[in-house]
Each structure stands twice: as structure tokens, then as C-alpha cells.
Number of protein chains: 2
Amino acid sequence: MATGRTHRPATRSRGIPEATVARLPLYLRALTALSERSVPTVSSEELAAAAGVNSAKLRKDFSYLGSYGTRGVGYDVEYLVYQISRELGLTQDWPVVIVGIGNLGAALANYGGFASRGFRVAALIDADPAMAGKPVAGIPVQHTDDLEKIIKDNGVSIGVIATPAGAAQQVCERLVAAGVTSILNFAPTVLSVPDGVDVRKVDLSIELQILAFHEQRKAGEEALALAEAEAVVEVSEESGKGPDGDVPAVMPA
Amino acid sequence: MATGRTHRPATRSRGIPEATVARLPLYLRALTALSERSVPTVSSEELAAAAGVNSAKLRKDFSYLGSYGTRGVGYDVEYLVYQISRELGLTQDWPVVIVGIGNLGAALANYGGFASRGFRVAALIDADPAMAGKPVAGIPVQHTDDLEKIIKDNGVSIGVIATPAGAAQQVCERLVAAGVTSILNFAPTVLSVPDGVDVRKVDLSIELQILAFHEQRKAGEEALALAEAEAVVEVSEESGKGPDGDVPAVMPA
DNA sequence: CCATCTTTGTGCACGCGTTCACAAAGACAT
DNA sequence: ATGTCTTTGTGAACGCGTGCACAAAGATGG
Ligand SMILES: NC(=O)c1ccc[n+]([C@@H]2O[C@H](COP(=O)([O-])OP(=O)(O)OC[C@H]3O[C@@H](n4cnc5c(N)ncnc54)[C@H](O)[C@@H]3O)[C@@H](O)[C@H]2O)c1
Ligand SMILES: NC(=O)c1ccc[n+]([C@@H]2O[C@H](COP(=O)([O-])OP(=O)(O)OC[C@H]3O[C@@H](n4cnc5c(N)ncnc54)[C@H](O)[C@@H]3O)[C@@H](O)[C@H]2O)c1
């Protein structure tokens with residue numbers, strides 16, 4: 001998802017696969033829930049079910065972190081929570097700025113899930129002078145003019161962009177110039193960033209379009225199945241019509 | 001990202017790879033921008049740059065849809081917009097319901113990017129009786145009691161869940177029972193759904209944790225590089241310390 | 001101390017996705 | 001018509017991610 005460099009120079013350090021990294025938060029969430037219920041140990045099978053993944057995959061994922069399980073018993077919940085947290089860098093505090101405090105930015109600022117994992121909203125930034133000083137989620141909004149100073153004063157390395165698409169690239173450049181090296185982008189634009197900066201994007205519209213594709217496919221197959229059931233004896237009379245019009249104009253009401 | 005079934009029984013119809021489907025919206029967005037600037041044709045190289053992908057990948061992606069390019073020239077923008085829209089199922093209207101009209105749900109309801117791509121917010125649903133009837137983004141919020149009726153009356157097949165995590169699974173089950181077959185989940189939970197239902201999730205917390213991992217890795221490598229530069233002659237005196245403590249306690253200020 | 005039973009950790013095979021590299025296709029000029 | 005030049009479409013190689021299946025590890029009970 002990193003837009004800047006799709007080509008990754010391989011996680012050299014201890015080489016945890018990117019796919020594994022993306023699942024660690026999932027495991028952590030499931031483990032935290034178990035921890036809150038004071039469950040002492042958990043098997044790969046149980047934890048995998050809770051996280052919605054294959055148990056072999058989970059075990060392989062954990063094997064990249066080291067041998068933290070006990071054969072015949074399972075994994076110690078508390079210990080694993082600690083190890084994964086440490087691996088993800090959640091044992092330290094990450095100050096985050098949100099730029100663009102509109103509908104979405106305000107919702108993000110109000111989101112409780114931030115603080116629960118070591119992420120702290122250090123500042124809210126918006127270009128609208130009318131918003132400056134107004135508190136959102138208890139934090140006063142600051143003006144874009146002070147962006148660089150805010151970043152540096154707070155030692156921020158993670159920025160969230162929730163501005164309109166047109167402003168995103170420019171905001172991104174200012175963030176990066178000020179020292180931000182990780183960006184979470186909600187604006188529907190491709191951000192170009194220098195090497196060494198990670199970008200991840202969240203795009204509602206893309207997710208919906210992917211769902212629509214599968215939805216259409218389901219409807220198409222259904223219609224096809226119906227057509228087949230009806231025209232069992234019917235012979236193809238007008239085939240070879242080209243690559244177009246393969247899906248008949250059967251729209252689900 | 002589909003949580004229900006990670007294992008996909010292969011897109012049988014004409015077999016467009018899942019990875020390609022996920023990129024089509026990206027191409028479509030770039031093409032739409034070109035179309036608005038009245039650019040008639042575009043080469044794979046240019047379009048790939050605009051979409052932030054490799055040009056060979058883009059050409060291969062398009063090859064799954066058919067041969068829509070002209071060698072020596074490139075692709076006809078308008079034609080390609082139409083073909084991709086058709087492939088994604090965006091030539092028809094998709095009524096969508098949003099369940100859970102809190103901070104996030106309200107932001108989603110206010111989002112303009114919905115309508116622009118054939119998605120129409122058919123209804124807003126919340127469990128809070130105090131919200132019933134109140135308009136959000138011009139649409140009156142309806143109570144959860146009527147969920148099934150709303151789904152059926154509007155022929156909704158795509159649902160968005162923006163409730164607290166605790167309510168998500170239950171809401172999901174009601175949606176599915178009422179006929180919804182595609183779900184976009186914003187709640188931080190694993191949803192279990194029957195076969196034939198697609199689930200995609202958007203999880204802010206997970207994205208941030210992935211960024212934190214890389215951020216930590218960057219800081220670690222930097223510290224390592226510094227340490228190496230300092231201790232060029234220094235011999236390892238206390239190695240073989242086990243799999244722990246590999247990253248020294250050097251935290252970025 | 002030994003047998004049994006559970007569960008981890010991983011070698012291996014397979015399939016998907018990515019990228020390179022190039023032949024073929026066609027536009028365009030002469 | 002012929003040649004040149006651009007750009008597509010794709011065969012092939014490679015690498016990553018996934019999941020099976022099982023041996024090794026260790027707990028537990030007698
Ligand atoms: N609302 C959603 O649910 C949603 C969903 C997906 C994506 N998005 C995207 O997120 C972004 C924000 O959406 P929104 O609905 O909150 O829009 P919005 O118009 O409500 O808010 C945008 C905010 O950004 C501020 N802004 C504009 N230019 C800026 C700049 N240069 N620097 C700092 N701040 C600036 C504006 O003052 C405004 O407060 C958009 O790109 C949108 O496409 C929104
Ligand atoms: N706000 C964010 O930026 C953000 C970001 C990421 C994830 N999330 C997740 O999205 C979800 C919503 O977040 P939020 O900040 O809007 O929370 P919120 O508390 O503001 O809103 C939740 C809404 O859901 C409604 N609700 C509760 N139970 C319901 C039910 N059974 N049926 C229908 N509606 C019900 C509540 O009445 C409330 O209006 C949460 O799961 C949260 O973790 C939010």
C-alpha cells in the first residue's frame with residue numbers, strides 16, 4: 001500500500017515479511033481481548049480463530065519473532081502481548097498530527113482507539129483561520145502556518161492527512177520537509193514522497209468499488225446459472241460476438 | 001482483506017486477479033482526472049505514473065480486460081473509463097446503508113465521494129432512539145428496528161458498519177440475514193460471515209501500527225549505523241545474548 | 001522414568017503477483 | 001508502398017506468501 005516505493009528494498013534487519021507485519025496488529029487485538037479476560041495461555045488454533053486467520057500462518061508469523069510458545073500448551077498471553085507490542089514499536093509513545101479537521105479529521109480526532117495503542121494526538125492542524133483556536137475533541141485546532149514548528153516541537157514522525165485531495169500533496173511535502181517520515185493518507189490521491197518515507201492510504205471509495213466488482217460478479221453468475229437452467233436445450237445462435245457484451249444486460253432490480 | 005474467507009475459490013468467470021481488481025479504481029481515478037482535462041489518449045507509462053504503479057503491471061492489468069490500447073499511441077481515455085467502470089460494475093447504481101451514525105458514520109454520510117461513483121446513500125441507521133428522525137447530511141436517521149425493512153425496500157446489497165466494535169457482529173448478522181452480501185467494516189473486529197458474503201475492513205489502528213513498525217525500524221537502523229560508525233575497532237565482547245535485546249534501548253527522543 | 005498426548009515450529013510444494021524484456025502491431029512520414 | 005519509430009501485449013523467470021503435513025518438544029499421568 002505504500003505509494004512512494006512499491007518496490008521494497010527488503011526488511012533487512014531481521015526480515016519480518018511485510019504480510020506478517022500487517023497481521024501482527026490483528027493478533028495483538030485478539031490477545032489484548034484475552035488478556036482482559038485473564039486468559040493465561042492460548043493455542044495457535046484458538047488465537048487464529050479469534051484473529052480470523054489460518055493457524056499454520058499464525059505459527060509461521062510468530063516463528064519470525066522467535067520461539068515464544070510451549071509445545072503441548074500454547075502461548076503465554078501476557079508475554080506474547082509484550083513481544084508483539086515491542087516488535088511493533090508500541091512500547092513507546094508516538095505523537096501524531098492530524099491535518100485537515102473537517103468531517104473526517106474531526107471524527108479521527110474524537111476516535112478513542114488512538115490513545116489505546118500508544119498513539120497520542122499531539123496536534124490538530126487546519127488551513128481555515130476560522131477554526132484556529134477552536135477545540136475539537138478537547139484539543140485546540142492550530143493553523144497551518146505553524147505546521148513546521150508544531151512538528152518539530154513535538155518530535156512528530158507520523159502524520160495523518162485528512163484534507164481535500166487537492167491539498168494533500170502540498171501538505172505531504174510540508175510534513176516531510178518538517179521531519180515526518182510516516183504518513184497515513186485519507187485523501188483520494190497518489191502521494192509522491194522521497195525514499196525513506198512510508199505512505200499508507202485509506203480509501204473508502206476504492207473499497208466500495210472492489211465490493212461492487214464482486215457484487216456484480218455474484219449477480220452475473222446467478223443470472224448465468226438461471227439462464228443455463230432455462231436454456232438447457234437452447235442452442236447458441238448468435239455467438240462469436242466479440243469480447244464485448246459477455247455479461248448480458250441483466251441488471252438486478 | 002476479505003475476512004470471511006481468506007481462501008478464494010478463484011474468480012472463475014473471466015479470472016481477473018484480485019490484485020488487479022484492487023488497482024482498477026486507482027486507474028479509474030487517474031483516468032477520470034485526465035478525462036476532465038480533456039486529454040484524449042494516454043500511454044501506459046504516463047498513466048502508470050499518475051496511478052503510482054509500474055507500467056508493465058498496468059499493461060498486464062489491462063490485458064485481463066481485453067486489448068483496449070493502440071500500439072504506438074496508447075489508450076483512449078474515454079473508452080478506458082467506460083470499460084473499467086463497466087468491469088467494476090459502476091455503470092449501475094449501488095444503494096448503500098450506513099449503520100452506526102456516530103462520529104465516523106456522520107463523516108461518511110457527509111462524504112461527497114460516495115455519489116460520484118455510482119454509490120448512493122440509501123439510508124442511515126442507528127440504535128439510538130434519540131437520533132431517529134434527525135437529519136444527517138440531509139438524510140433522516142432511521143432506527144435499527146427497521147433495518148430489515150429498509151434493506152429490502154431499497155434493494156440494498158452493500159452495507160457499511162460504523163458501530164462500536166461490540167455491536168458489529170450482531171449488526172453484520174442482521175444485515176446479511178436481510179440480504180446484504182457485501183460489507184465494509186470500520187469497527188475493529190473480525191466479522192464472521194457465511195460463504196458468498198464479502199467483507200472488507202478499514203482499520204485506522206492497524207494502519208498506524210504498521211507505520212509505527214517501520215518507523216521504529218528506521219530509527220533502529222539509524223542508531224545501528226551510528227553505533228557502527230563509532231565502534232569500528234571495537235570488538236564484540238558480549239554477544240550470544242539470545243534472541244532478546246537485539247535492538248538496543250536507543251529510543252528516538 | 002517411561003508412555004502418551006497435545007501443540008509447536010518448520011521443510012516443502014504450490015500458486016499468485018510482479019517485473020523484465022522483446023516481438024508484434026500499428027501510426028506516421030516520406 | 002516502405003521504413004522508422006513508438007508503444008502495446010505477453011511469455012517467461014523469479015520471489016513472496018500460503019497452507020499442508022509432520023517431526024520434535026514438552027507437558028502430563030501413571
Ligand atoms: N468524510 C469521509 O468519510 C471521507 C471518507 C473517505 C475519504 N475522505 C477524504 O478525506 C478528506 C477529508 O474529507 P472531509 O469530509 O473531512 O472534508 P472536509 O471538507 O469536511 O474537510 C477538509 C478540511 O481540510 C481543511 N483544509 C483544506 N486545505 C487544507 C490545507 N492545505 N491544509 C490544512 N487543512 C486544509 C479544510 O479547512 C477542512 O476543514 C477528503 O480528501 C476526502 O476525500 C473523506
Ligand atoms: N472515529 C473514527 O475516526 C474511527 C476510526 C477508526 C475506527 N473507528 C471505529 O468506528 C466505529 C464508530 O466510531 P465512532 O467514533 O463513530 O463511534 P461513536 O460512538 O461516535 O458512534 C457509534 C454509533 O453507533 C451507534 N450504535 C451503537 N450500537 C448500535 C447498533 N447495535 N446498531 C446501530 N447503531 C449502533 C451509536 O448509537 C452511535 O451513534 C467504532 O467501532 C470505532 O472503533 C472509528
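Small disclaimer: the values here were computed from a predicted structure and weren't measured. Within every chain, numbering begins at 1; the chains are lettered A, B, ... in the order of the sequence lines, protein sequences first and strands thereafter.
- In this structure, B:F62 reaches neither bases nor backbone, as no heavy-atom distance under 4.0 Å exists between it and the strands shown.
- Nearest nucleotide to the B:T70 side chain, out of D:dT18, C:dA27, D:dC20: C:dA27.
- Residue-to-nucleotide proximity on DNA chain D shows that, of A:T20 and A:V73, the 5′-proximal contact is made by A:T20.
- Listed nucleotides C:dT10, C:dT18, D:dT8 differ in distance to A:S63; the shortest reach to its side chain belongs to C:dT10.
- A donor-acceptor contact under 3.5 Å is not formed by the side chain of B:K60 with the base of C:dT18.
- Proximity of a side-chain donor or acceptor of B:Q216 to a complementary backbone N or O of A:R86 within less than 3.5 Å is detected.
- Of all nucleotides listed (D:dT10, C:dG17, D:dT18), C:dG17 comes nearest to the side chain of B:A19.
- Ring-plane geometry between B:Y82 and B:Y79 is classed as tilted, the angle between the planes lying from 30 to 60 degrees on a 0 to 90 degree scale.
- For A:R71 against C:dT8, a side-chain N or O and a base N or O form a donor-acceptor pair under 3.5 Å.
- Within a 6.0 Å sphere centred on CD of A:Q170, other residues, nucleotides and ligands contribute 12 heavy atoms or fewer.
- Donor-acceptor pairing under 3.5 Å is recorded for the side chains of B:S44 and B:R59.
- Of the two residues near DNA chain D, B:V42 and A:N54, the one whose nearest nucleotide lies more 5' is B:V42.
- For the pair A:S44 and C:dT8, the criterion of a side-chain N or O lying under 4.0 Å from OP1 or OP2 is met.
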